[in-house]
Amino acid sequence: MNSVWPLSITLAYVAIVMMIGLRARHKGANMNSLEEWGVAGRSMGPVMLYLLIAAGSVSAYTFMGAPGWAYSKGVAVFYVATYLAYLALIAWYFGPKVWQFGAEFGHVTQASAIADRYQSPALGALAALVMAVGSIAYAVLQTIGSAYILFVMSGGLIPVWLGVVLVLACIAVYLYASGQRAIGRTNAFQGMLMLMVAWAVGMWAVHSATGGLSFAGVFERIQAEHPEFLTLPGASGDMSYSFWTTSIIISMLSFMPPVWTQWMSASSARTIRRSATWLPTYYVVILPMVVVGFIGIFSLPELVRADTVALEYAMQQLPVVLVGLLGAGTLAASMSSSEPFIHSVSLSLSKDVIQPLLKLSNAMTGRLARLMIVPIMALVIAPLAIAEPGSLVMILLVGLGFASQVLPAFIGMFFWPRASRLGVMAGIVAGFLVTVAFTTLWSHPLGIHAGFWGLMINLPVFIGVSLITPATNADVVERFFRIAAPRGLTHLGKASR
Amino acid sequence: MRRLLVLPTTRAGWGLLIAFVALIVMGTWPVIGWVNRATLVLGLPLMVVWSYLVIFACVAVMVVGNHIVERDNHE
């Protein structure tokens with residue numbers, strides 16, 4: 001690519017994001033406080049929260065992975081749009097309760113809520129540490145995506161290692177300065193940019209491929225020439241009904257820590273419900289990029305890497321300005337997804353692991369959380385992103401598989417007061433071992449997601465061990481269930497309190 | 001305490017729970033198998049149209065849910 005436009009547009013985007021992120025902090029706000037740096041002083045309104053969660057959940061996958069899945073598998077890619085909509089249902093129900101826990105009990109992280117509910121700093125630290133594995137793997141993958149975009153947009157002038165350093169340095173500066181407020185403001189900008197870019201690129205690609213502006217021309221050709229792309233199990237034959245269903249359920253039940261922190265950043269419980277209600281509408285962003293993947297099936301039949309289909313098609317067929325916007329949009333997607341994870345890991349390691357271990361004050365922990373982003377980026381994320389270890393995707397899968405295994409902790413927080421600390425721990429350990437085994441040794445037996453197998457072992461173990469071990473202190477349980485069940489609990493069909 | 005659970009306490013609450021479960025059922029097996037055909041609707045694959053139908057049905061249910069929660073005045 002000889003034009004300077006793509007790189008100029010992409011770098012202009014980076015400069016704008018830096019400016020927005022740095023200006024996000026409130027004058028006079030104490031950024032060393034966990035409430036301010038961690039959850040933006042619980043101040044975000046519905047529009048900001050909508051774009052924060054939407055942009056955070058739409059990663060580089062939307063601009064690279066999703067067109068790649070459409071190109072190699074077909075409509076199977078829409079399981080992502082479906083589970084993202086279900087995550088909005090989860091946010092609608094649980095988000096307001098999580099917000100109330102945070103506002104009343106002072107939680108700023110998911111692991112602090114777990115530690116408080118089960119009166120066990122050890123369980124909180126365990127949850128924080130293992131969630132950190134999946135979160136860091138996710139942030140590394142997004143950073144690799146960012147560096148790859150800079151490499152392509154610069155025509156190879158910015159090598160991957162330099163792209164990694166540039167992107168992380170940029171995020172570090174505004175994340176340190178403005179914390180969750182920077183994530184909110186930058187995600188709002190990135191969310192709008194992604195929506196605009198996806199539809200502009202999608203419509204232009206459709207026009208260049210069919211001469212019209214209707215998606216029908218693309219799909220009529222696919223239906224005539226490659227109908228296997230329009231149904232499950234997809235062209236590669238690996239998305240069975242069972243894998244579609246269990247992947248959706250497992251993804252829906254994975255309460256990732258950054259989302260929890262985002263809920264706690266809302267200005268009220270009602271704000272979360274309002275944002276969650278309209279959240280699924282954002283996922284129209286996926287459709288045009290997926291259509292570009294379908295166009296690639298007949299336009300770029302010999303492509304080696306499926307996830308480069310949108311970029312390759314853009315570079316061959318679209319004007320350079322749109323290529324630059326696609327670069328900026330893809331970079332926006334990867335940055336908007338990696339920064340909440342980096343922030344969340346830093347916050348949780350400081351608050352839930354180091355603070356109880358070293359008996360630090362809240363003020364000291366707040367300063368530590370801000371500083372912690374530097375070693376996390378410099379010593380973990382950057383080396384891993386530059387080295388691109390082959391096992392990274394496996395680490396991510398195991399990490400996300402674990403996220404769903406923490407489900408018993410939430411059942412005990414929202415539905416079942418009798419859940420005990422040991423029951424949760426036993427369920428998590430059993431579920432995690434099964435998930436690891438069915439991810440690494442025997443991949444997804446019977447076409448059922450490894451995390452789903454994990455839950456099938458995890459839940460009975462959790463219930464059984466909870467029933468034979470001591471429950472949490474009644475005062476604590478009452479405190480949580482006053483919020484989780486404001487109208488009382490049900491005793492086998494009878495109303496009870 | 002061992003048999004205490006959080007369940008809906010009103011008819012509207014049960015209605016919402018049933019609607020949430022119905023939404024999940026709409027997007028998974030076996031319902032997804034019924035729309036798994038290589039036909040086009042409005043120029044889009046049936047699976048795509050169905051996925052977006054489920055997505056917008058989620059919005060509709062949550063809009064109704066907001067009315068119920070705010071009418072009953074509880075968080």
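Since this is a predicted model, take the numbers as computed values, not measurements. Residue numbering restarts at 1 for every chain, and letters A, B, ... go by the order of the sequence lines.
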Would A:Lys97 and A:Tyr93 count as a cation-pi pair here, with the cationic atom under 6.0 angstrom from the ring centre and within 45° of the axis? yes
Choice from [options] maximising heavy atom contacts with chain B below 4.5 Å:
options	answer
A:Thr82, A:Val75, A:Leu230, A:Leu89	A:Leu89
A:Phe415, A:Tyr83, A:Trp92	A:Trp92
A:Ile248, A:Val284, A:Ile222	A:Val284

Name the region of [X], side chain, backbone, both or neither, that has any atom closer than 4.5 Å to a heavy atom of chain B.
X	result
A:Leu287	both
A:Gln223	side chain
A:Thr277	both

Is the shortest heavy-atom distance from the side chain of A:Arg270 to the side chain of B:Glu70 under 4.5 Å? yes
Would A:Ser254 and A:Ser251 count as having a side-chain donor-acceptor pair, cut-off 3.5 Å? no
Is the distance between the ring centroids of [Y] and [X] under 6.0 Å?
X	Y	result
A:Phe101	A:Phe94	no
B:Trp50	A:Phe78	no
A:Phe219	A:Phe294	yes

Counting heavy-atom pairs under 4.5 Å with chain A, the top scorer among B:Val54, B:Val61, B:Leu40 is B:Leu40
Do you know which of B:Pro30, B:Ala38, B:Ala60 has the most heavy-atom pairs under 4.5 Å to chain A? B:Ala38
In a check of ring-ring contact (aromatic ring centres under 6.0 Å, His included) between A:Tyr79 and each of A:Phe243, A:Tyr86, A:Trp69, which one passes? A:Trp69
Check each atom of B:Leu46 against the heavy atoms of chain A and say whether the ones under 4.5 Å are side chain, backbone, both or neither. neither
